[in-house]
Amino acid sequence: GTPKRALVTSFLGIALVFLLASRLLLRLSARVARRRGFNTRYFAVVGSGELAEDVVETVGSHAEWGYAFAGYVLEDDVPSLTCDEPVLGRLRELGSILENQVIDEVYFAVPRHRIDRIEGALKVCEEQGVATRVSLNLFGEGRARMSLSEMDGLPMLSFTMTPTDELALLAKRVFDVVVSGTMLLLLAPVFALAALAIRLESPGPVFFRQKRVGLNGREFTFFKFRSMYQGADAEKEKLFHHNEANGALFKMRDDPRITKVGKIIRRYSIDELPQLLNVLIGDMSLVGPRPLPVSDYRRMKEEDA
C-alpha cells in the first residue's frame, strides 16, 4: 500500500544520501593523507617540450593526488634537456629504468604525430606491472569533456558537453523531483488564483503550451501560464521588426499581445511556475540552460551555419 511505498522511498533517499556522504568522506580523507606525504606514488613522464612540462606542472600542483615527479624519459631521437630537471634515460632504456627506479606510473606526453612510436614502451610498462597514462590532447583545446570508455571491448574516445557520472546524474534527478514536487504542493493556491484570473479575463486555455528544444535537440512541450490572448504566438513573425534582442531570440518590451493579467503574472514571474511540471516530468532541470522555442532554435542554427 501507500505507507509501504513511502517507507521504501524514504529508505532509498536516506541510503543515497549516506552513500554520497561516505564517498565524499573517503575522498577527503585520502586527499588529506596524501597532502601530508602518506601513500606517495612516483611518476615519470615520457616526452619533452611544452606538453610534457604541462603534465609535470599539472600533477605537481595537486599535492592531494599524492604523486612525486621522478624524472623525464626522453625519446630516442630528441636532444637532451638543457634545464636542471631530472632525466632518467631514453625510451629504449625504459625496461631497465623501471627495474632500477621506483616508478608507480608512467605518463606518455608525446605529440600526436609520434604516438605510434610508444606502442613498444606501453607493452614494457604492462610487462613490468606499471600503470600508464597517455596524454590525449590530440585535437587542441575544446570545451567538451573528454573520456575514454569501452564499447563491447572496443576502446572509444568520447567528447561530451554533458556530465556522465551516473551517480551524480541520479542525485541531480532526485533533487529535481523532490524540490519541484514540494514547490508544486506549496504553490497550489497561487496556481489556482492565477488560473482563475486568466480564465476570467480572456477566453482560451490557462496554460500556454509551446514546443521547445531540450537536450541534444529533443523537442518537448513547455508549460507556462498564458499571459497573452489566444493565438498570439502565431503573430510573432509580424512583430519581429520590433525585436529588441540580439540575434535570433525575440524580445519586445511593450508587446501588444500581453493581457492585463499577463502583465501582472510576468512582473512577479508567476507565469514561469508551471515549468515545475516540466522539471517533475524530466524535460528540464532546476539548474541548467533555458530551452529555446523551436522557431528561435532553428533561426539560431541558420545564423550559425
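Note that the coordinates shown come from a computational prediction; the quantities given were computed from them, not determined experimentally.
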**Message:** For the aromatic rings, using the six-membered ring if either is Trp, is the centroid distance between Phe225 and Phe207 under 6.0 Å?
**Reply:** yes

**Prompt:** Once you round to the nearest 0.5 Å, how far does CG of Leu193 lie from CG of Leu187?
**Reply:** 11.5 Å

**Request:** Could you grab the distance from atom CD of Glu201 to atom OH of Tyr229, nearest 0.5 Å is fine?
**Result:**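 The OH atom of Tyr229 is 12.5 Å from CD of Glu201, to the nearest 0.5 Å.
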
Would a distance-only check, ignoring hydrogens and angles, find a side-chain to backbone donor-acceptor pair under 3.5 Å from [X] to [Y]?
| X | Y | result |
| --- | --- | --- |
| Arg257 | Ser227 | no |
| Thr58 | Val55 | no |
| Asp76 | Arg92 | yes |
| Arg212 | Pro291 | yes |

Indicate the atoms forming the closest heavy-atom contact of [X] with [Y], along with that distance.
| X | Y | value |
| --- | --- | --- |
| Leu98 | Gln128 | CD1-CG, 3.8 Å |
| Thr40 | Asp104 | O-OD2, 4.5 Å |
| Val206 | Ile198 | O-CD1, 4.0 Å |
| Arg226 | Ile265 | O-CD1, 4.0 Å |

**Asked** Is the Lys NZ or Arg CZ of Arg41 less than 6.0 Å from the centre of Tyr67's six-membered ring, within 45° of the axis?
**Response**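 Positive - Arg41 is close enough to the ring of Tyr67 and near enough to its axis.
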
**Asked** Below 4.0 angstrom, N of the basic side chain to O of the carboxylate: do Glu105 and Arg133 qualify?
**Response**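 Counted as a salt bridge, because a side-chain N and a carboxylate O are separated by less than 4.0 Å.
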
**Item:** Test: Asp271 and Lys224 ion pair at under 4.0 Å
**Value:** yes

**Prompt:** For the residue pair Trp65 and His62, does the interplanar ring angle fall in the parallel (under 30°), tilted (30 to 60°) or perpendicular (over 60°) class?
**Reply:** parallel

**Message:** Take a 6.0 Å sphere around CZ of Arg199 and say whether it holds more than 12 heavy atoms from other residues, nucleotides or ligands.
**Reply:**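 Count not over threshold, so no.
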
